[in-house]
There are 2 protein chains.
Amino acid sequence: MVVDQLRETELDRLFQAFADATRRDIVRRVTVGEYTVSGLAGLYAMSFAAVQKHVAVLERASLVTKEKRGREQIVRGNHEGLQKARRLLDEYEAIWRQRVGRIADILAEG
Amino acid sequence: MVVDQLRETELDRLFQAFADATRRDIVRRVTVGEYTVSGLAGLYAMSFAAVQKHVAVLERASLVTKEKRGREQIVRGNHEGLQKARRLLDEYEAIWRQRVGRIADILAEG
DNA sequence: CTGATCTACAACCATTTGGTTGTACAATAG
DNA sequence: CTATTGTACAACCAAATGGTTGTAGATCAG
């Protein structure tokens, strides 16, 4: 085992980041436009600190970036993480289609 | 808020299920071939019960199905869950491309 | 300068997660 | 029948997660 430890923990973080509805919503919003952390915090029925933590999780997963502007912190969507997650699911799809193809072949031969 | 609670918890489970390297490996394997629960358990440096729990998590997320055959339980990949996760990431990709398109338009006009 | 605002972070708490061992039971093998 | 195998599940544990409040430092407004 221990195939590619770095990549694996990276994927752990990515999918973990997606595994929360609030974080998915944040990703959607900051992809479309720009938000400050407190701008985001205003959208959800939870404390500022909670939202701040969610943003930190997304940042660690390379799904958003933060950029300081004065006393504010601008949160933006980051394509990098999204692409990586998508690529993995694409692989799985490909594996699935191969399998379905093999079964079709077997049925065709039988 | 509270957009579509059912779908949201479904997605929570899906991405949570993907957020573990062992579970991702199980999904890959059972998509290619068939495994019993103990067949899978033999592959990893952890107890049978631990692997059994991982399979249960994947089952709840609609990423695998189990079918009893004698005293064995056959685990197979389930396309349903995979498709749902993939569809969401596709949406996000689409949003991203729209945004990039808008920016390109603005630059073209400017 | 002073006060309000934005952010960061620590400390705390309840719940979930990912693992363990042990027990129980059904199905198969001898 | 008996022993073994495959599975399920409960109980337990340490660590992580998702939330809270409180404190403190920067930056901005007046």
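In what follows, every chain begins at residue 1, and chains take the letters A, B, ... in the order their sequences are listed.
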Check residues 63-70 of chain B and write down every donor-acceptor pair under 3.5 Å in which the side-chain atom is one partner and the other belongs to a residue at least two apart or another chain.
residue	atom	partner	partner atom	Å
B/E67	OE1	B/R76	NH1	2.5
B/E67	OE1	B/R76	NH2	3.3

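- Through direct or relayed side-chain contacts under 4.5 Å between Ile, Leu, Val, Met, Phe, Trp and Tyr, B/L6 connects to no other residue.
- If you measure from atom CD of A/Q73 to atom P of D/dT27, you get 11 Å, rounded to the nearest angstrom.
- Every residue was checked against the side-chain contact (heavy atoms from CB on, under 4.5 Å) condition with A/A56, not counting sequence neighbours, and none meets it.
- Whole-Å rounding puts the B/R60 CZ to D/dA8 P distance at 16 Å.
- Every side-chain contact (heavy atoms from CB on, under 4.5 Å) that B/A49 has, sequence neighbours left out, goes to B/S47.
- Rounded to an integer number of Å, the gap from B/Y44 OH to C/dG18 C1' is 15 Å.
- The line from CG of A/L40 to CD of A/Q73 is 11.5 Å long, rounded to the nearest 0.5 Å.
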Reading DNA chain C 5' to 3', how would its secondary structure be written in dot-bracket notation, given Watson-Crick and G-U pairs with both distances under 3.5 Å, brackets [ ] for crossing pairs and | for partners on other strands? ||||||||||||||||||||||||||||||
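- With rounding to the nearest 0.5 angstrom, the OG1 atom of A/T36 is 10.5 Å from the CZ atom of A/R71.
- For A/Q52 and C/dT7, the shortest distance from a side-chain N or O to OP1 or OP2 is not below 4.0 Å.
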Any N/O pairs under 3.5 Å between the protein and nucleotides 25-30 of chain C? List them or say none.
residue	atom	partner	partner atom	Å
C/dA27	N3	B/R71	NH1	3.2

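- Partners of B/F15 by ring pair (Phe, Tyr, Trp, His ring centres under 6.0 Å), not counting sequence neighbours, listed by chain and number: A/F18.
- Residue B/K66 places at least one side-chain N or O under 4.0 Å from the OP1 or OP2 atom of D/dA8.
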For a quick check, with a 4.0 angstrom heavy-atom cut-off, what is the B/S/- contact string for nucleotides 14-22 of chain D, read 5' to 3'? ----SBBB-
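- Rounding to the nearest 0.5 Å gives a distance of 6.0 Å between CZ of B/R23 and NE2 of B/H54.
- Residue A/I74 is found outside any hydrophobic cluster, as its side-chain heavy atoms come under 4.5 Å of no other Ile, Leu, Val, Met, Phe, Trp or Tyr.
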Determine all donor-acceptor pairs shorter than 3.5 Å in which one atom belongs to a side chain in residues 95-103 of chain A; sequence neighbours excluded.
residue	atom	partner	partner atom	Å
A/W96	NE1	B/H79	ND1	3.4
A/R97	NH1	A/E93	OE1	3.4
A/R99	NH1	B/T31	O	3.2
A/R102	NH2	B/V32	O	3.1

For residues 82-92 of chain B, run the donor-acceptor check on the side chains, cut-off 3.5 Å, and write out each pair with its distance to 0.1 Å, sequence neighbours left out.
residue	atom	partner	partner atom	Å
B/K84	NZ	B/E10	OE2	2.5
B/K84	NZ	B/E80	OE2	3.1
B/R86	NE	A/D90	OD1	2.9
B/R86	NH2	A/D90	OD1	3.0
B/D90	OD1	A/R86	NH1	2.1
B/Y92	OH	A/R24	O	3.2
B/Y92	OH	A/R28	NE	3.4

